[in-house]
**Student:** 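Below: one structure in structure tokens.
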Amino acid sequence: MSEKESSLNFIEEIISNDLESKKYESIITRFPPEPNGYLHLGHASSICLNFGLTKTFPGSTNLRFDDTNPTTEETEYVESIKKDIQWLGFEWKNEFYASDYFDTLYDYAVKLIHNNYAYVCDLTSDEIANQKGNHTTPGVNSPYRNRSIEENLSLFEAMKNGKFEDGTKTLRAKIDMSHPNLLMRDPIIYRIKHAHHHRTGNKWCIYPMYDFAHGQSDSIENITHSICTMEFIPHRELYDWLIEKLEIYPSKQYEFARRNINYTVTSKRKLLQLVNEKFVEGWDDPRMPTISGMRRRGYTPWSIREFCKRIGIGKRENMVDVGLLEFCVREDLNKISKRVMAVLEPIKLTIENYPEGQEEFLTTENNPENPEEGTRNIPFSKTLWIEREDFAEFPEKKWFRLALGAMVRLKSAYIIECTDFKKDNDGNVIEVIAKYFPDSKSGSDTSGLKAKGVIHWVSAAHAKTAQINLYDRLFRVEDPSQEEGDFKDFINPNSLTVIQNAYIEPELAHAKIGDYFQFLRKGYFVLDKNSSIDTPIFNLTVGLKDNWK
RNA sequence: UGGUCGAUGGUGUAAUGGUAACACAACGGUUUUUGGUGCCGUUUUUCUAGGUUCGAGUCCUAGUCGACCAACCA
């Protein structure tokens, strides 16, 4: 409720005014994806906006698939879109399809023809383009523009009945070929496509264009506020014109700026290329900015909603820092993730004064941010794995970790002091030797010793192995589509680093998909769907902030 | 080189003619058995030029810069 104090974005402002002035008693919005790709971060903004609006204000939101182009649309996409919206935490009032309205839309077209607002045109695609004119010169009328209403009616019906080949005829709105808005120069509203549609099958061989489907679908559903991105601004004039001539419910279109996020691309066309050309594993590759990719990467629904909330809604060009997204997911994961220990790049640590063959179980907290999550016991023994980078042969100043003669605490265990280390013939450190202080045990420390650093570890005899996928940004430049040449030339070659033999504490053998973990001092990780019983695979969601390096 | 929409710290968003603010980032301090988290603090803002007004980020005019618009895509 304190949310109400925060200021409204410009769309909420409009709605708030519409409600106050009693223009509407409640509102209806819609999220209108085309099922020709997976949902991405850009869609998340639109989803949060459209569904969020009807949480803030009285009303409801429909899910409507804009499926008017049978050649690019598939049910696989429909299913993924529904799953992603639900996973994000939203519920639609009705599930609709533009294709549900094909009969109505056909009748609308007939009505337009009846009233002399549309005609069948025999011009080819090229000819129409040539006669359209451009920004500075007006277009010229099609020679078919003055066909009689009767002829148009029978021709349009013949189009519907499959009497013509693809591309040989179109239905065009009769507006004004010298209109300053190019979209108003007799736009095509129906085209012939002998193609199988994912829902209507082979019933139709003519399909309405976007401009003759979207606004009409809005109207049919009594959408009060039809929200889209700014590239549709020029369409609004046509949107209003068609609704007026058709004399149907006057839905209104409002536009906001699409969000751009640095070091990635959010364009279905480009994402499809990455998938088809195998630059990534698929639509749900954890490097993809798709909802499914982010889910697999370990992002939480809350973090994505929070991100959308924080970047807000605007009308200007923008480039949002991906760092904010990472902040949002850390904020959530810090609260909910279970702390565990895993050693990614191991080096052996031998505790010389710990009895050979002895083991003990030490208590450690599951989540210091939430004591209610309790504790668990972890095995400890003479030989441990620790992180290679936690030992320095030549420590820099302010080095808190292990080095010859230095003391550190093994997390939830004992304080140790490094007494020696071994190298192989190539000069690589292969083992660290330390002594431990038995009275420094975590929770009952009477040693009086102080260790500046704390490091994580796993007991060698008890550890399991795992594969770790370390992810980095997909592109090496902030705005790949702004660069000269192919955006794919700017893919980060190190966007994925695979570690085959990491050591994880035994607890992690029970990890399930959907569990969120913090690998202590490293980052947040989730189990990947390609894991097997023998080799669990963990994906890095995002690293912990690191003030050291 | 026509039309449309925009321009507030490094980034995103507020301020609805009346003290330019919030968040992220950056930097410093503090706490800490995660160099994490938390807490405290610091740096950095109204595109330009005119005008209206007691008062302009906000209104007006002109300019500059940016985005979008000539698919039988959505």
Side-chain angles (χ1 to χ4, degrees), chain A residues 6-10 13 32-34 36 66-69 71-73 98 121 123-125 128-130 132-137 139 166-172 179-183 185 187-193 206-207 209-211 213-214 228-237 255 257 259 262 268-269 309-328 330-331 334-335 339 341 364-365 368-369 398-401 408-413 415 440 442-443 445 451-456 518-524 543-549:
Chain A
S6 66
S7 59
L8 304 177
N9 66 47
F10 76 96
E13 189 88 27
E34 184 189 9
N36 68 346
D66 231 332
D67 56 351
T68 57
N69 184 1
T71 51
T72 58
E73 295 153 5
C121 183
L123 258 25
T124 65
S125 186
I128 289 176
N130 289 335
K132 194 159 192 176
N134 58 36
H135 302 306
T136 45
T137 57
D166 287 10
T168 56
K169 282 184 168 48
T170 57
L171 183 70
R172 295 225 258 164
H179 200 286
N181 181 348
L182 265 32
L183 280 158
R185 321 247 261 226
I188 294 167
I189 57 177
Y190 258 97
R191 80 289 215 187
I192 302 170
K193 264 183 198 262
I206 57 171
Y207 293 93
M209 297 286 289
Y210 167 83
D211 286 304
H214 198 102
C228 60
T229 46
M230 301 229 304
E231 61 277 20
F232 290 95
I233 290 176
H235 293 254
R236 188 175 61 225
E237 200 170 11
E255 311 87 8
R259 321 309 314 205
N262 59 11
K268 271 194 279 188
R269 208 193 91 251
K309 188 165 126 192
R310 283 174 183 257
I311 62 181
I313 296 297
K315 291 192 78 160
R316 40 178 156 150
E317 279 305 299
N318 57 81
M319 179 63 77
V320 181
D321 191 344
V322 68
L324 182 61
L325 216 208
E326 295 176 344
F327 169 82
C328 292
R330 283 194 191 102
E331 189 179 10
N334 177 53
K335 291 189 207 116
R339 269 60 170 179
M341 293 202 275
T364 191
E365 68 242 297
E369 299 296 313
K398 304 249 288 206
W399 177 257
F400 295 169
R401 284 119 91 158
V408 297
R409 173 173 293 280
L410 295 171
K411 173 69 183 172
S412 297
I415 290 176
S440 67
S442 218
D445 185 351
K452 267 184 293 187
V454 177
I455 66 172
H456 60 279
Q518 183 195 107
F519 288 6
L520 226 59
R521 301 207 305 131
K522 299 308 287 185
Y524 296 100
L544 255 27
K545 280 215 283 184
D546 189 351
N547 290 329
W548 166 241
K549 281 170 198 168

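The structure presented is a predicted model; accordingly, all values stated were derived computationally and were not measured. Protein chains get the first letters and strands the later ones, always in sequence-line order, with residue 1 at the start of each.
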**Student:** Are A/Glu326 and A/Lys545 close enough for a salt bridge, meaning some N to O gap below 4.0 Å?
**Tutor:** no
**Student:** Any idea which of B/rG35, B/rU33, B/rG36 is nearest the A/Leu544 side chain?
**Tutor:** B/rG36
**Student:** Name the residue closer to the 5' end of RNA chain B, choosing between A/Glu365 and A/Ile313 according to the nucleotide with the nearest heavy atom.
**Tutor:** A/Ile313
**Student:** According to a strict under-4.0 Å criterion, is A/Asn9 in side-chain N/O contact with OP1 or OP2 of B/rA14?
**Tutor:** no
**Student:** Rounded to the Å, how far apart are A/Gln518 CD and B/rG35 C1'?
**Tutor:** 13 Å
**Student:** Start at the 5' end of RNA chain B and walk down; is the nucleotide closest to A/Met230 or to A/Arg409 reached first?
**Tutor:** A/Met230
**Student:** Between B/rU16 and A/Ser7, is there an OP1 or OP2 to side-chain N/O distance shorter than 4.0 Å?
**Tutor:** no
**Student:** State whether the distance check finds a donor on one side and an acceptor on the other, under 3.5 Å, for side chain A/Glu369 versus base B/rG36.
**Tutor:** yes
**Student:** May I have the distance from A/Ile311 (atom CD1) to B/rG10 (atom P), rounded to whole angstrom?
**Tutor:** 20 Å
**Student:** Between B/rG63 and B/rU4, how far apart are the P atoms? Round to whole Å, please.
**Tutor:** 13 Å
**Student:** For the C1' atoms, the ones on B/rA26 and on B/rA15, what distance do you get once it is rounded to whole angstrom?
**Tutor:** 25 Å
**Student:** What nucleic acid atoms does A/Lys411 come within less than 4.0 Å of, heavy atoms only: base, sugar-phosphate, or nothing?
**Tutor:** base
**Student:** Kindly point out which of B/rG6, B/rG12, B/rG35 is positioned nearest to the side chain of A/Arg259?
**Tutor:** B/rG12
**Student:** If B/rG28 has a Watson-Crick or G-U wobble mate with both distances under 3.5 Å, name it; if not, just say none.
**Tutor:** B/rC40
**Student:** I'd like the P distance from B/rU48 over to B/rU58, given in whole Å.
**Tutor:** 10 Å
**Student:** My understanding is that a pair needs two contacts under 3.5 Å, Watson-Crick or G-U wobble. By that rule, which nucleotide pairs with B/rC65?
**Tutor:** B/rG6
**Student:** Start with the C-alpha gap between A/Arg409 and A/Asp445, add the side-chain angles, then the distance that decides, and say whether side-chain contact (heavy atoms from CB on, under 4.5 Å) holds.
**Tutor:** CA-CA 11 Å; A/Arg409 173 173 293 280; A/Asp445 185 351; 2.7 Å; yes
**Student:** Are A/Thr170 and A/Met209 close enough, and set up right, to give a side-chain contact (heavy atoms from CB on, under 4.5 Å), and what steps lead you there?
**Tutor:** CA-CA 10 Å; A/Thr170 57; A/Met209 297 286 289; over 6 Å; no
**Student:** The side chain of A/Arg310 lies closest to which of these nucleotides: B/rG2, B/rC24, B/rG12?
**Tutor:** B/rC24
**Student:** Who does B/rU33 pair with, Watson-Crick or G-U, both distances under 3.5 Å?
**Tutor:** none
**Student:** Out of B/rC69, B/rU33, B/rC5, which nucleotide sits closest to the side chain of A/Leu182?
**Tutor:** B/rC69
**Student:** Counting heavy atoms from C-beta on, name the nucleotide in B/rG35, B/rG36, B/rC73 closest to the side chain of A/Glu34.
**Tutor:** B/rC73
**Student:** I want to check one thing: is the phosphate of B/rG35, taken as OP1 and OP2, less than 4.0 Å away from some side-chain N or O of A/Arg521?
**Tutor:** yes
**Student:** Of the candidate nucleotides B/rC69, B/rG35, B/rA74, which contains the atom at the shortest distance from the side chain of A/Phe400?
**Tutor:** B/rG35
**Student:** So which nucleotide does B/rG12 pair with, by the Watson-Crick or G-U wobble rule with both distances under 3.5 Å?
**Tutor:** B/rC22
**Student:** Would you mind telling me which of B/rC69, B/rA74, B/rG35 lies closest to the side-chain atoms of A/His135?
**Tutor:** B/rC69
**Student:** Taking 4.0 Å as the cut-off, does a side-chain nitrogen or oxygen of A/Lys193 come that near to OP1 or OP2 on B/rC73?
**Tutor:** yes
**Student:** What do the steps show when you test A/Arg521 against A/Lys411 for side-chain contact (heavy atoms from CB on, under 4.5 Å), and what is the final call?
**Tutor:** CA-CA 10 Å; A/Arg521 301 207 305 131; A/Lys411 173 69 183 172; over 6 Å; no
**Student:** I'd like to know whether the aromatic ring centres of A/His214 and A/Phe232 sit less than 6.0 Å apart in this structure.
**Tutor:** no
**Student:** Scan A/Thr71, A/Asp67, A/Asp66 and name whichever one has a side chain to side chain donor-acceptor pair (under 3.5 Å) with A/Asn69.
**Tutor:** A/Thr71
**Student:** With the stacking rule set at 5.5 Å and 30°, tell me whether A/Tyr210 counts as stacking on B/rA74.
**Tutor:** no
**Student:** Rounded to whole angstrom, note down the P distance from B/rA7 over to B/rA23.
**Tutor:** 23 Å
**Student:** Name the closest nucleotide to the A/Val454 side chain, picking from B/rU34, B/rC73, B/rG12.
**Tutor:** B/rU34
**Student:** Could you tell me the Watson-Crick or G-U partner of B/rG50, where both distances fall under 3.5 Å? Say none if there is no partner.
**Tutor:** B/rC60
**Student:** Using a cut-off of strictly less than 4.0 Å, decide whether A/Arg339 has a side-chain nitrogen or oxygen near OP1 or OP2 of B/rU37.
**Tutor:** no
**Student:** Hey, does A/Pro368 reach any base, or is it just sugar-phosphate, or nothing, if we go heavy atoms under 4.0 Å?
**Tutor:** base
**Student:** Quote, to the nearest angstrom, the P distance that separates B/rU46 from B/rU8.
**Tutor:** 11 Å
**Student:** What does B/rA70 pair with, Watson-Crick or G-U, if both distances are under 3.5 Å?
**Tutor:** none
**Student:** Report yes if a side-chain nitrogen or oxygen of A/Arg191 is closer than 4.0 Å to either non-bridging phosphate oxygen (OP1 or OP2) of B/rC73; otherwise report no.
**Tutor:** yes
**Student:** Rounded to whole angstrom, note down the C1' distance from B/rG66 over to B/rC73.
**Tutor:** 26 Å
**Student:** Taking only the side-chain heavy atoms of A/Phe327 (C-beta and beyond), determine which of B/rU34, B/rA25, B/rA70 contains the nearest atom.
**Tutor:** B/rA25
**Student:** Would you say a side-chain N or O of A/Ser125 is under 4.0 Å from OP1 or OP2 of B/rC72?
**Tutor:** yes
**Student:** Look at the side chain of A/Asn318 and the backbone N and O of A/Val320, then say whether any donor-acceptor pair between them is shorter than 3.5 Å.
**Tutor:** no
**Student:** Give the nucleotide from the list B/rU33, B/rU1, B/rG12 with an atom nearest to the side chain of A/Thr136.
**Tutor:** B/rU1
**Student:** In whole Å, measure the gap between the C1' atoms of B/rU44 and B/rU52 for me.
**Tutor:** 32 Å
**Student:** Classify the nucleic acid contact of A/Asn134 as base, sugar-phosphate or nothing, counting any heavy atom under 4.0 Å across all strands shown.
**Tutor:** base
**Student:** Which pair of heavy atoms, one from A/Arg172 and one from A/Leu123, lies closest together, and at what distance?
**Tutor:** NH2-CD2, 4.0 Å
**Student:** Please state the C1' separation for the pair B/rU19 and B/rG10 - nearest whole angstrom.
**Tutor:** 26 Å
